[in-house]
A.B. asks: 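Okay, here's the structure, questions in a sec.
Heavy-atom basis, side chains included; hydrogens, waters and symmetry copies ignored. Note that ligands are numbered from 1 as they come in the structure, with each ligand's atoms numbered from 1 the same way. Position 1 is the first residue of the sequence; numbering continues from there.
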Amino acid sequence: MPDATSCDGPGSEIPATGFVEDGYELWLRYRPLEPRYRAYCSLLLKYVVLPTVMLSPILAAARDEINRGVGGMLGCAPSSESAVSADGGLLVGSPTTLPLVASLDLPLDGLGREGYIICPVIVNGFATTVIAANEEIGLLYGAFALLRAIQMGRFDADTKIESAPKSRLRLLNHWDNLDGWVERGYAGRSIFNWWELPEYLDPRLVDYARANASIGINGAVVNNVNASSESLTDPFLEKAAALANRFRAYGLRVYLSAKFSSPMESGELATADPCDAAVKAWWKQTADRIYKLIPDFGGFLVKANSEGQPGPQDFHRTHADGANMLADALEPWGGVVIWRAFVYSDDVPDDRVGQCYSEMIPFDGLFRKNVILQVKNGPLDFQPREPINPLFGAMPETNVGIELQITKEYLGFETHLVYLGNLWQEVFSTDLDARGCGNIVARVIDGSMFASRLSLVAGVANVGSARNWCGSTFDQANWYSFGRFAWNPDCDADEVALEWIMLTLTNDPNGMRTIADIMKMSYETAVNYMAPLGLTHQMGTGHHHGPAPWIEDTGRSHWNPTYYNCADAKGIGFDRTDAGSGTVRQYSAKLARLYSSPYDVPENLLLWFHHLSWGFVMPNGKTLWEEIVYHYDRGLRGVERNRALWSTLRDTIDPARFYEVSAFLQIQARDAQMWRDACVAYFQSINGLETPEGSLRPTQSLEFYKALTFRHAPGSPG
Ligand code: BDP
C-alpha cells in the first residue's frame with residue numbers, strides 16, 4: 001500500500017543549526033531598527049512616565065513590554081521618570097492613575113474599557129507622546145500598538161492612533177485535552193501541562209499571554225469542547241486558577257468548557273436534568289467554587305447534544321433550558337455561558353446543513369442575558385468554503401457570536417500555506433440581505449445590528465508546544481490576523497497580512513510585496529484544489545487529511561463525502577433549492593432568491609446550492625465538468641506560483657524559516673496534486689468523461705488514491 005506521505009527530497013538545503021530565528025518570538029521580535037529611524041525614535045522616546053504609586057500587574061506588564069520593545073529596537077530602554085522633564089518622552093496613564101493625563105482632556109469617552117489613544121501632546125511646554133486609556137488594560141493594548149507602529153517603521157512625532165475593540169469577548173478556544181493531546185492540533189502538544197500545574201508554570205505561558213494581549217485577545221477557553229468533567233473538580237480548578245493568575249496581568253481571562261453531564265459523572269447526582277433542583281444547586285455550588293479560586297473567571301463554553309456530547313435533550317429539555325440553568329449559576333458572579341450552535345444529529349433525516357438553524361431559531365428571545373450563542377461561520381463545519389451561517393441576522397433577541405477555526409483542520413494542517421485573513425474578511429463582510437446596505441455579518445458580531453448585550457469572536461486555536469507555537473511560520477499569521485479581526489471585524493485582510501509580514505518576516509519592500517502576493521491568493525488556491533465551486537466535505541474520514549470523495553459508508557451518513565457531492569452519471573452538487581432540501585429558505589428573502597438561481601448564485605457556491613448536469617454551461621461557455629477541472633488545475637498552478645515566488649526570497653529571509661517554508665510548500669504541492677488527481681479520477685469514474693482539453697489526466701489510477709493511507713496524521717481523535 002503506498003504511503004501518502006512519501007515525498008522527494010527537501011526543496012532547499014537544510015540550514016546549519018545555531019540560527020537565531022526559530023519563530024518563538026512571533027510578531028514581537030523587536031529587532032534593532034535601521035540607524036536613522038532608530039535615532040529619530042530615540043529622540044521621541046527618551047524616557048517614560050508611568051504612574052509609580054502601587055504599579056499594578058497590568059501596568060508593570062506594560063512597562064516591561066515597553067522596556068523590552070524599546071530596548072530591543074533602540075538598543076537601550078528609556079529611563080523611567082516620575083514627571084515630564086524634557087522634550088521627547090512617553091506618558092502612559094489613565095485620567096485616574098495619572099493626573100497629568102486628566103489635565104490633557106483627551107477624547108477618551110468613546111474608547112470604553114479596553115480602547116486607547118496614542119498621540120503627540122505638549123506637557124509643561126515639552127513635546128511628549130501619550131498613551132492614554134480609561135482603564136489599565138487599554139494602556140497595555142496601547143503599549144503594544146505603539147511598539148507595533150515602531151516595529152513597522154510607522155511611528156513619527158505626529159503619530160495618532162485611536163482604537164477600541166468592536167467585540168467584547170475575543171477568545172481562543174483550545175481543543176486541548178487534560179493529558180496534553182490537542183484535538184485538531186498540528187503544533188505539538190498542549191501548552192497547558194495539567195500534570196505539572198499548579199506547582200510548575202512554564203515561562204512560556206507568559207509569552208503566550210503577551211502574544212494574545214498584543215493583538216487584543218482577552219480570554220482563553222483552556223480545555224476541549226469535547227470536555228472532561230474532571231476539569232470541574234477541585235484539583236483541576238486549582239490548576240486553572242494558576243493559569244488565571246499568570247494571565248491576569250495581560251487581561252486574559254480563563255474560561256472552561258463544561259461537560260453537561262458533570263453532575264452525574266461526579267458521582268453526586270443521578271441526573272443532569274437542567275430543570276431538576278438538585279442539578280441547579282450543583283452548578284451553583286460549582287460556580288461558587290470556581291469564583292472563589294478564580295475571581296475573574298470568564299464562564300463556560302458548552303458543546304451539548306452534538307456529536308455524541310451530552311446535553312439537555314437527553315432529559316427531554318431544550319437548549320434554552322440547559323443554557324439558562326448554567327447562566328443562572330454564573331450570573332451572580334458576572335460569568336457568561338457560551339452555548340455552541342454546532343448541533344446536528346444523524347437521527348434527523350434533514351439536510352445536515354440546515355440543522356443548526358432549525359434547532360436554534362425557536363429559542364430566539366428565550367436565552368438569559370448572559371448567554372451568547374457561538375455560531376460557526378458556515379452552517380456545516382469549517383469547510384474550505386461555505387456560505388454564511390443563516391443564523392447570523394436571524395436571531396434579533398439573542399446574543400450571537402461567531403466561531404472561526406484558526407487551526408487548519410480542513411485547510412491543509414500546518415504544512416499548507418493558507419492565510420485565513422481573506423476567508424475571515426469574506427465572512428465578516430457578507431451582506432446578509434444582499435442589498436448592499438451595510439447589513440453585514442460584522443454588524444451582528446459587534447452587536448450593533450440588534451444592540452446585543454454581549455458580543456463575541458472565538459477562534460479554535462492553532463497554538464501548541466512547537467517552538468514556533470503554530471507548527472509553521474505562516475500559521476502564525478492566522479493567529480495574528482484572528483486577533484486583529486476579533487478586535488475589528490471590518491479590518492482589511494491584505495493590510496493585516498502586510499503588518500504581520502513587517503513584524504515577523506521582513507521590512508524589505510520587495511520581500512514584503514512578494515510575501516503579500518503569496519498570502520493574498522493562498523486561500524483561494526487551497527479552495528481550488530480541495531473543494532472548488534462550492535463542493536464541500538470531500539476530505540478523508542476521521543483524520544480529515546487528503547481527498548476521499550468516494551466515501552459513502554461511514555457509520556454516519558452526514559460524514560460521507562458522497563452525501564455532499566451527490567455525484568452521479570448525470571451531474572454533481574447538492575440541491576438546496578425548493579426543489580431539493582429547501583435549506584436556501586433559511587436565508588433572507590433576497591439572499592434566498594440569489595442563491596436559488598444557478599445563474600445568479602456566486603460561482604464559488606454553485607454546487608453548495610445546486611445539483612447540475614456535467615454539461616451545464618457556465619457563463620464563460622465552458623461546461624461544468626470543464627470548469628471543475630479548470631479550478632483544480634488552477635489550485636495546482638497557484639501552489640507552484642507560490643513556490644516560485646518564495647524561492648526568490650532566499651537572500652531576504654533567514655535560512656531557518658526560508659527552509660521550513662520551502663519544504664512545506666513542496667509538501668503542499670504534492671498534496672494539491674493528490675487532491676486534484678484523486679477528485680478528477682473519482683468524478684471521471686462516475687461521469688465517464690474525458691479530461692478536458694488542455695488538462696492532464698490524473699497521474700495515477702483511482703484505485704491508487706483509494707488505497708492511500710494517512711496513518712499517524714496528527715490531531716485526529718481516532
Ligand atoms: C469538527 C472537528 C471535531 C470537533 C467538532 C466541533 O472535526 O474534532 O469536535 O468540529 O466543533 O470539525 O465540536
A.B. asks: So, taking the atom named CD in Glu414 and the one named SG in Cys470, what distance separates them when rounded to the nearest 0.5 Å?
C.D. replies: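 It is 11.0 Å, given to the nearest 0.5 Å.
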A.B. asks: Looking at Phe574, I'd like to know if the NZ or CZ of Arg576 sits under 6.0 Å from its six-membered ring centre while staying within 45 degrees of the ring's axis.
C.D. replies: yes
A.B. asks: Under a 3.5 Å threshold, I'd like every N/O contact between ligand 1 and protein atoms, with atom names and distance.
C.D. replies:
| residue | atom | partner | partner atom | Å |
| --- | --- | --- | --- | --- |
| ligand 1 | 7 (O) | Arg184 | NE | 3.1 |
| ligand 1 | 7 (O) | Arg184 | NH2 | 3.1 |
| ligand 1 | 7 (O) | Glu409 | OE2 | 2.4 |
| ligand 1 | 7 (O) | Tyr410 | OH | 3.3 |
| ligand 1 | 8 (O) | Glu183 | OE2 | 2.4 |
| ligand 1 | 8 (O) | Arg184 | NE | 3.0 |
| ligand 1 | 9 (O) | Glu183 | OE2 | 3.2 |
| ligand 1 | 9 (O) | Asn226 | ND2 | 3.0 |
| ligand 1 | 9 (O) | Lys303 | NZ | 3.0 |
| ligand 1 | 10 (O) | Lys376 | NZ | 3.2 |
| ligand 1 | 11 (O) | Arg340 | NH1 | 3.4 |
| ligand 1 | 11 (O) | Arg340 | NH2 | 2.6 |
| ligand 1 | 11 (O) | Lys376 | NZ | 2.6 |
| ligand 1 | 12 (O) | Asp381 | OD1 | 2.7 |
| ligand 1 | 12 (O) | Asp381 | OD2 | 2.7 |
| ligand 1 | 12 (O) | Glu409 | OE1 | 3.4 |
| ligand 1 | 12 (O) | Tyr410 | OH | 2.7 |
| ligand 1 | 13 (O) | Lys303 | NZ | 2.6 |
| ligand 1 | 13 (O) | Arg340 | NH1 | 2.8 |

A.B. asks: Identify the residue among Leu172, Leu243, Asp202 that makes a side chain to side chain contact (heavy atoms under 4.5 Å, CB included) with Tyr208.
C.D. replies: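 For Tyr208, the side chain to side chain contact (heavy atoms under 4.5 Å, CB included) check succeeds only for Leu172.
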A.B. asks: Is a donor from one side chain sitting under 3.5 angstrom from an acceptor on the other, for Gln538 and Asn565?
C.D. replies: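 Distance-only check passes for Gln538 and Asn565.
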A.B. asks: Run through His558, Glu307, Gln355 and flag the one making a side chain to side chain donor-acceptor pair (under 3.5 Å) with Tyr344.
C.D. replies: Glu307
A.B. asks: Which residue in the set Asn399, Leu301, Leu373, Leu326 passes side chain to side chain contact (heavy atoms under 4.5 Å, CB included) when paired with Ile338?
C.D. replies: Leu301
